[in-house]
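Working notes for the structure below.
Chain letters run A, B, ... following the sequence lines, proteins first, then strands; residues in each count from 1. All heavy atoms count here, side chains included; hydrogens, waters and symmetry mates do not. Keep in mind that this is a model prediction, so the values were computed, not measured.
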There are 2 protein chains.
Amino acid sequence: MTIKETPRRFAKDAPIYFAGDAAGRLLKVACGAVMIFHIYDDGRRQIVDIVTEGELVHFQFDGELDHYAEALTQTTLIEASADAALSDQAWAEFIFAQMRGRLQRERRHIAMLGQKSAAERLAEFLILVSERLSTPLGDIELPMTRQQIADYTGLTIETVSRLFSRWTRERRLVVTGKRTYRIEGELAA
Amino acid sequence: MTIKETPRRFAKDAPIYFAGDAAGRLLKVACGAVMIFHIYDDGRRQIVDIVTEGELVHFQFDGELDHYAEALTQTTLIEASADAALSDQAWAEFIFAQMRGRLQRERRHIAMLGQKSAAERLAEFLILVSERLSTPLGDIELPMTRQQIADYTGLTIETVSRLFSRWTRERRLVVTGKRTYRIEGELAA
DNA sequence: CGTTTCCTTGATGAATATCAATAGTGGTGG
DNA sequence: CCACCACTATTGATATTCATCAAGGAAACG
């Protein structure tokens, strides 16, 4: 018995769910990319993770969701019943593997935010994105605004902008398109 | 058929495993507390999570571990075969619930490190510890050095020490024992 | 006790946030 | 196609927070 999967499409920047929404459905990214984030009362926002093709968006299958999700690009999600998936052997293994990957990324993110300088954080972010969102050419596809990058790295848009400018000036980073870059040398320094 | 569980004891500050160690065994805290951390080449350390009674220490059941674990207090762990546990219904559900809890905490930790000031971070840390390591009396049991607190909050020991001093001076925090505190007012401010 | 480790406190400096102004970019309708 | 508008990014000047450096004191341990 296969599990019923319903596709849902989201425009760029469209909200996917809010904190407080009921969980219960399992969401898998078919194409596009999703950002997961927290918001504080005063408007501060922290992007916690970026979810890409083939990955699950969250693992909260009952109760309420405690974070937000938004489409970073035009995105198609596959929706399925969480209960059904959990009792299916193959799905359960997939879910487990996904959770493990997510835990690993989040651990790295914690270490980055806790210990690294602005330049180190941005460099690590770019490398992460190049591994997860890249075109096959090796160029970094960066479908994020400065504000989003700042909210992922825990910096301000000005600091992010200054680092981009400096690296570009120093030819460590080359702008190869409207929203694509290529890393030429060692960043971080 | 029940799964074989072997207890193992660790002294305070004893290492439990290192990054690079083979995974494969499942570890559950029977009593005590364990800290999970990352280390960089230059010695910087980030404590990623604190694992307490009844919780699983990690979820890497094959390949290599990519982080370190150390006993925060005298600790007893239960060791079991990961394979056996994963194919047991009740265990699988427990593992899933544990992973979800861990993901939730790590998300919060990311948001804290990315967006909050030193005072806010330390306040949040104390509240977290009071929820997770507290005595039934409401006092905060703090079996951690200033360095460990700093490595959890991404601050320096001096900053941590100054905040403790200030809050104690302002009677927001009361020292009720050698390593126990009580929160009296609003911290963070 | 002496020794080591941990903690506190002060003085200073560096990294990064904040504030402010300008420039660029994309989108829309005339 | 152009002109306008709103949004995003850049850049500079300044302020703030927190780290670093340095020294002394307290607690823990043999």
Under a 4.0 Å heavy-atom criterion, the protein footprint on nucleotides 6-24 of chain C, written with B, S and -, is -SBBBB----SSBB-----

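Of the charged side-chain nitrogens involved, none lies within less than 4.0 Å of a carboxylate oxygen, so that A:Glu131 and A:Arg105 do not count as a salt-bridged pair. Between A:Asp66 and B:Arg108, no side-chain nitrogen of the basic residue sits less than 4.0 Å from a carboxylate oxygen of the acidic one, so the salt-bridge criterion is not met. Checked for salt-bridge contact, A:Arg8 and A:Glu79 meet the test: a charged N lies under 4.0 Å from a carboxylate O.
Close approach of DNA chain D to chain A, defined as any atom under 4.0 Å from a non-hydrogen atom of the protein, starts and stops at D:dA9 to D:dA13.
Other residues, nucleotides and ligands contribute over 12 non-hydrogen atoms within 6.0 Å of the CG atom of B:Asp42.
Side-chain nitrogen and oxygen atoms of A:Lys178 include at least one within less than 4.0 Å of the OP1 or OP2 phosphate oxygen of C:dG26.
For the atom pair B:Tyr181 OH and B:Ile140 CD1, the distance stands at 9.5 Å (nearest 0.5 Å).
Between A:Tyr17 and A:His58, the ring-plane angle classifies as perpendicular under the 30° and 60° cut-offs. Aromatic ring orientation, B:Phe18 versus B:Tyr68: perpendicular (interplanar angle above 60°, classes split at 30° and 60°).
Residues forming a salt bridge (Lys or Arg N to Asp or Glu O under 4.0 Å) with B:Arg9 (at least two apart in sequence, or on another chain): none.
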